[in-house]
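Data block below; observations after.
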Number of protein chains: 2
Amino acid sequence: MKTKKKRSDCPVSFSLEAFGDKWSLLIVRDLMLKKKCTYGELAKSDEKIATNILAARLLSLEENGIIQKLEHPDSKAKVLYQLTQKGMDLIPIIVEINLWAEKYTDIPEKRKELLAQMNADKEGFIRNAFKELESNL
Amino acid sequence: MKTKKKRSDCPVSFSLEAFGDKWSLLIVRDLMLKKKCTYGELAKSDEKIATNILAARLLSLEENGIIQKLEHPDSKAKVLYQLTQKGMDLIPIIVEINLWAEKYTDIPEKRKELLAQMNADKEGFIRNAFKELESNL
DNA sequence: ACATTTACTTGCAAAAAGCAAGTGTTTTAA
DNA sequence: TTAAAACACTTGCTTTTTGCAAGTAAATGT
């Protein structure tokens, strides 16, 4: 976990230094909601992240303790990326971001079921997402 | 509200296009938690945002409907910046970001009271922040 | 009337993002 | 058993964004 000088001691600033860019939370979303776990799967995101940028963001997320790299059970050629506890703790933020977006843009069909769950029982959804992710740790 | 092509139809991506950079949420934080409302006050943030970047971010936040510019009651030389409804709806996200940071970094004294309130009664804190901000609309 | 405050803008250098192509190891298929 | 394909990246280059320092113009205070 690399230490670089903080811009300020504000907790919001601290957080943004860890994931406050256009890509990091999309990677977290894929690991969290889309169950992607390899470099190749992450590279195929809808937003078409460039491969060098993906590598850079994965490194930065790892340095920030949000994800970890593990051996993939299926093959030595693959790498298994997964959220750490610290990364899983971003679930509530991802949920609130989804709920905010729902108020101000159209939600695609494939995400509506998830949004419905978040709306019906936010705490429950978060607990559940946690449980699922924790079973991989 | 300028329309630029979306990277994808994902709600998280939509949100990040509106405030997913190193500065936008700090400006929102200042408007929301620090009761700053003029260009000069925002420019004096702990993180020392460059004046041209501040101008650019304020414009982008305005184009995204998150803040609005109004005449300042005290002087024609001043501009009053404030959160719109859409901007106020970011409160839950800001709260979750604060709570995440609290788990992983030291919180400065001046923010501890606020964090205590968020922890004691998250919903209540959010309702209250809303009420305060709405009284300015 | 003149200095100061306020909200910016401008020009340039540095950093980051984006694109296309390439590398090296591991796995699959002939 | 060997050549092709899959996989996880790297490298080199261009474009875009950020950051710094200085400047501008209107409104205000003295």
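Each chain gets a letter, A, B and so on, in the order its sequence line appears, and its residues count up from 1.
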Notebook entry, point to check: For the side chain of T38(A), counting heavy atoms from C-beta on, which of dA8(D), dA17(C), dC9(D) is nearest?
Noted result: dA8(D)
Notebook entry, point to check: Can you tell me how far P of dT9(C) sits from CD1 of I53(B), to the nearest Å?
Noted result: 12 Å
Check: Does any N or O in the side chain of S135(A) come within less than 3.5 Å of the main-chain N or O of E132(A), such that one atom is a donor and the other an acceptor?
Finding: yes
Checklist line | Side-chain N,O (S75(B)) to OP1/OP2 (dA27(D)) below 4.0 Å | finding: no
Margin query: Could you see if L31(A) belongs to whatever hydrophobic cluster contains L80(A)? Use Ile, Leu, Val, Met, Phe, Trp, Tyr and a side-chain cutoff under 4.5 Å.
Written below: no
Note to self: Over 60° means perpendicular and under 30° means parallel, so tell me whether Y81(B) and Y39(B) are parallel, tilted or perpendicular.
What the structure shows: tilted
Next item on the list: Return the 5'-most residue of the pair E41(B), N52(B) with respect to DNA chain C, ranking by each residue's nearest nucleotide.
Entry: E41(B)
Margin query: Nearest to the side chain of W23(A), heavy atoms from C-beta on, is which of dT18(D), dA8(D), dG18(C)?
Written below: dG18(C)
Notebook entry, point to check: OP1 or OP2 of dA7(C) sitting under 4.0 Å from any side-chain N/O of K44(B)?
Noted result: no
Next item on the list: Would you mind reading off the distance between H72(B) atom NE2 and dT28(D) atom P, rounded to a whole angstrom?
Entry: 12 Å
Item checked: Minimum-distance nucleotide (side-chain atoms of V79(A) versus dA8(D), dC8(C), dT18(D)) -> dA8(D)
Note to self: At less than 4.0 Å, is any side-chain N or O atom of T51(B) found next to OP1 or OP2 of dC8(C)? Yes or no.
What the structure shows: no
Check: Closer to the 5' end of DNA chain D via nearest nucleotide, is it K78(B) or Y81(A)?
Finding: Y81(A)
Item checked: Interatomic distance where CD belongs to E71(B) and C1' belongs to dA27(D) [whole Å] -> 13 Å
Notebook entry, point to check: Quick one: L70(B) CG to dA7(C) P, roughly how many Å, whole number?
Noted result: 13 Å
Item checked: Side-chain N or O of K22(B) closer than 4.0 Å to phosphate OP1/OP2 of dA15(C) -> no
Item checked: Length of the line joining I67(A):CD1 and dA8(D):P, which is rounded to integer Å -> 13 Å
Note to self: Between C1' on dA7(C) and CG on L58(B), what's the gap in Å once rounded to a whole number?
What the structure shows: 10 Å
Next item on the list: Figure out the CG/C1' separation between L59(B) and dT18(D), and round it to whole Å.
Entry: 16 Å
Check: Of V95(A), I97(A), I93(A), which is the lone residue that meets side-chain contact (heavy atoms from CB on, under 4.5 Å) with E96(B)?
Finding: I93(A)
Notebook entry, point to check: Knowing that exactly one of R57(B), K22(B), K34(B), R29(B) qualifies, which makes a salt bridge (charged side-chain N to carboxylate O under 4.0 Å, His left out) with E47(B)?
Noted result: R29(B)
Item checked: Atom-pair distance (CZ on R7(B); P on dA17(C)), nearest Å -> 11 Å
Checklist line | Residue whose closest nucleotide on DNA chain C lies nearer the 5' end, A56(A) versus A77(A) | finding: A56(A)
Check: If you look at every strand shown and take non-hydrogen atoms under 4.0 Å, does K48(A) touch a base, only sugar-phosphate, or nothing?
Finding: nothing
